2 protein chains.
Amino acid sequence: MSAPPVHADAAVPRALARIRVVLVATSHPGNIGAAARAMLTMGLARLVLVAPARFPDPEAVARASGATAVLDAAQVVATLDDALAGCALSIGLTARPREFAGRVADAREAAREAVARTAEGDVALVFGTEMSGLSNEELARCGLAATIPANPGFSSLNLAAAVQVMAYELRVAAGAGEVWRAPRFAAATDDEIEGLHRHARATLLAARFLDAERPRRLLARLRRLFGRAQLEREEVNILRGILARIDELAGRPRR
Amino acid sequence: MSAPPVHADAAVPRALARIRVVLVATSHPGNIGAAARAMLTMGLARLVLVAPARFPDPEAVARASGATAVLDAAQVVATLDDALAGCALSIGLTARPREFAGRVADAREAAREAVARTAEGDVALVFGTEMSGLSNEELARCGLAATIPANPGFSSLNLAAAVQVMAYELRVAAGAGEVWRAPRFAAATDDEIEGLHRHARATLLAARFLDAERPRRLLARLRRLFGRAQLEREEVNILRGILARIDELAGRPRR
C-alpha cells in the first residue's frame, strides 16, 4: 500500500494515516465520492476499492466535493484479500452482528481498538455493498465486527453516513477531536471579587434596590451567580463600571 | 410543538423524543430528506424547518429513503424564534466557534448536555444553511454552540453528515447505543478446564507432539490461550472431542 496522499490536516495523527477504508463492490460511484468526502473531513485519506461497479467516474468526483485527492490516490483491487494485505487488524462493519461468529464491538470500541492496533501496522475498516453490506464470508475474513448503534426499526445508514460516523469516532479516538475553545482571560483575584461584592452591596443599598435590613438573600444569589461564572478581571471591571454609573444616577458619592 | 410521530424504534428513550432538529433556510430539498433519514436511523423524529427554499418536494422524499414519516410530520415555520419556542436549551452547530461569544462544546459534550436538559423540556439542535451555516445572529440565539471535530484543512461535512454525527452522539448519550452481543453460554468450571489441560497433556505426549522431558512451555502457552478465551463448557467438550480423536489416531487407549 502506498503512502497516504498529502492533505491539509497538518495535525493528523500517525494513527489516522494508518487507517485504510475498504469499500467492497460499491454499486454507485456517487457513494464512493461521498465516502471520500466523509473520510477527508475527519483526516482519513487512504481509500481502497474492491471491484467497484464503476470507478473512476464523474459522479464520484461530484459527490467528493473537493476531496478528489482521496479519489485520485484510491487503490482499486480485485479481491478483499488484496485490500487487507499486510493489515494488523481488519474491522468489518455490519448491521447484522448476529451472523458473525467472532468478536463484536460498537463503533466507539472499534475505533479505539483500531487506533490502538495502528501501533502494529495498518488497520482496515471494511464496508460492504449499499444493498446488503458485507457477506458472511467477507465478514468472517475480518478480525472484528463493528456495529453502529441504530434505531432497530430503521437502521439503514447509507454507506457514506456509516463511513462518516466511523471516521468521526476514529478521529476522536486518535486524540484529534479537540475543538476550538474560547481563550480564558486573566481570572479575577479573590480580592477583586470581594471588592465587586462590597461595591454591589453599597450601590444596591444606595439605589434602594436592597432592603438594608434583609440584604442577604439577593447578595447570596449574586455571589452564587458570579462564582459559577468564574469571573475574569476585565469582567469585574465592567461590572464595577456599571455599578459606578448606578452610583451616579442614585446620587451616591463616588468611592 | 406536536408529539413526535410514531416510528418503529420501540426502545426510543424519552430523551430522544424531546429532541428537535431545526434546519434553517435549507437550500436543497434533497438535503432535508437526507437529514430526515439520518435522524430516523438514530431514533430522532422531530424535524422543524425554518423557511426552507423548497418543501415539500419529491427530492426530499427520494433522499429520505423510507424516513418519510419524519418529513410528513415536519413543521415548517417562518423564523428561528418560532422553531425554538418552548425549548429548555438550543444548541447551534457551527464550524466557526470563534465567532460565538458563549459556551462552546464538542459534539459529544453537546449531546450529553442535550440529553440531560431534556429532563426540563425540549432541546433543539440547530443547523444552518449548506453554504454558510448559521449566521452570527442565529448562533447568538442559541444557548450553546457545538462543533464537530474535523480536519481543519477540509472541514466541510455536508448537512446530512453533520446531522448524522450529532444524531449518533445523541443516541449514545441517551443510553440507546447498545449493540447486539453474542450471547454468553455457560462458562466452563475450573474442574472442567483442568480436565481439559490434563487431557491435552496426556494426548500430546502420546502423540509425541510434546517432549516428555520439557513439556512445560507449550502447555503454559495453551493455558494462557484458553485462559484468555474464557472457555465455555461446550467448547471444552469440543476440544476434548478433538483430543479423543487424536488419542484414537495415536493408538492411545480411550480414557
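Residue numbers start from 1 in every chain, and the chains themselves are labelled A, B, ... in the order their sequence lines are given, proteins ahead of strands. Treat the numbers as computed from the prediction; the structure is a model and nothing was measured.
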Task: Winner by heavy-atom pair count (cut-off under 4.5 Å) against chain B, out of A:Ser155, A:Ser156, A:Ala160, A:Gly102 - done: A:Ser156
Open item on the list: For the residue pair A:Asn31 / A:Glu130, report whether a side-chain donor-acceptor contact shorter than 3.5 Å exists.
Closed with: yes
- [ ] Among B:Gly177, B:Pro97, B:Ser65, B:Ala107, single out the residue with the greatest number of heavy-atom pairs under 4.5 Å to chain A.
- [x] B:Pro97
Open item on the list: I'd like to know if B:Glu99 pairs up with B:Arg96 as an ion pair, taking the criterion as any Lys NZ or Arg NE/NH1/NH2 lying under 4.0 Å from an Asp or Glu carboxylate oxygen.
Closed with: yes
Task: Short side-chain to backbone donor-acceptor contact, A:Arg171 and B:Ala150, under 3.5 Å - done: yes
Open item on the list: Please classify the contact between B:Glu109 and chain A as side chain, backbone, both or neither, with a heavy-atom cut-off of under 4.5 Å.
Closed with: side chain
TODO: Name the member of A:Gln164, A:Glu178, A:Arg108 that forms the most heavy-atom pairs with chain B at distances under 4.5 Å.
DONE: A:Arg108
- [ ] Would you mind checking which part of A:Ala67 comes under 4.5 Å of any heavy atom in chain B, side chain (CB onward), backbone (N, CA, C, O), both or neither?
- [x] both
TODO: Could you tell me which portion of B:Arg103 (side chain, backbone, both or neither) has an atom closer than 4.5 angstrom to a non-hydrogen atom of chain A?
DONE: neither
TODO: Evaluate the criterion side-chain contact (heavy atoms from CB on, under 4.5 Å) for residue pair B:Asn151 and A:Thr41; output intermediate values, then yes/no.
DONE: CA-CA 5 Å; B:Asn151 176 351; A:Thr41 62; 5.6 Å; no
Open item on the list: Is it the case that the side chain of A:Ser135 and the backbone of A:Glu138 share a donor-acceptor pair, with hydrogens and angles ignored and the cut-off at 3.5 Å?
Closed with: yes
Task: Under-4.0 Å salt bridge between A:Arg54 and A:Glu59 - done: yes
- [ ] Please state whether the side chain, the backbone, both or neither of B:Ala161 comes within less than 4.5 Å of a heavy atom of chain A.
- [x] both
Open item on the list: Using a 4.5 angstrom heavy-atom cutoff, name the option from A:Ile148, A:Leu157, A:Thr147 with the most pairs to chain B.
Closed with: A:Leu157
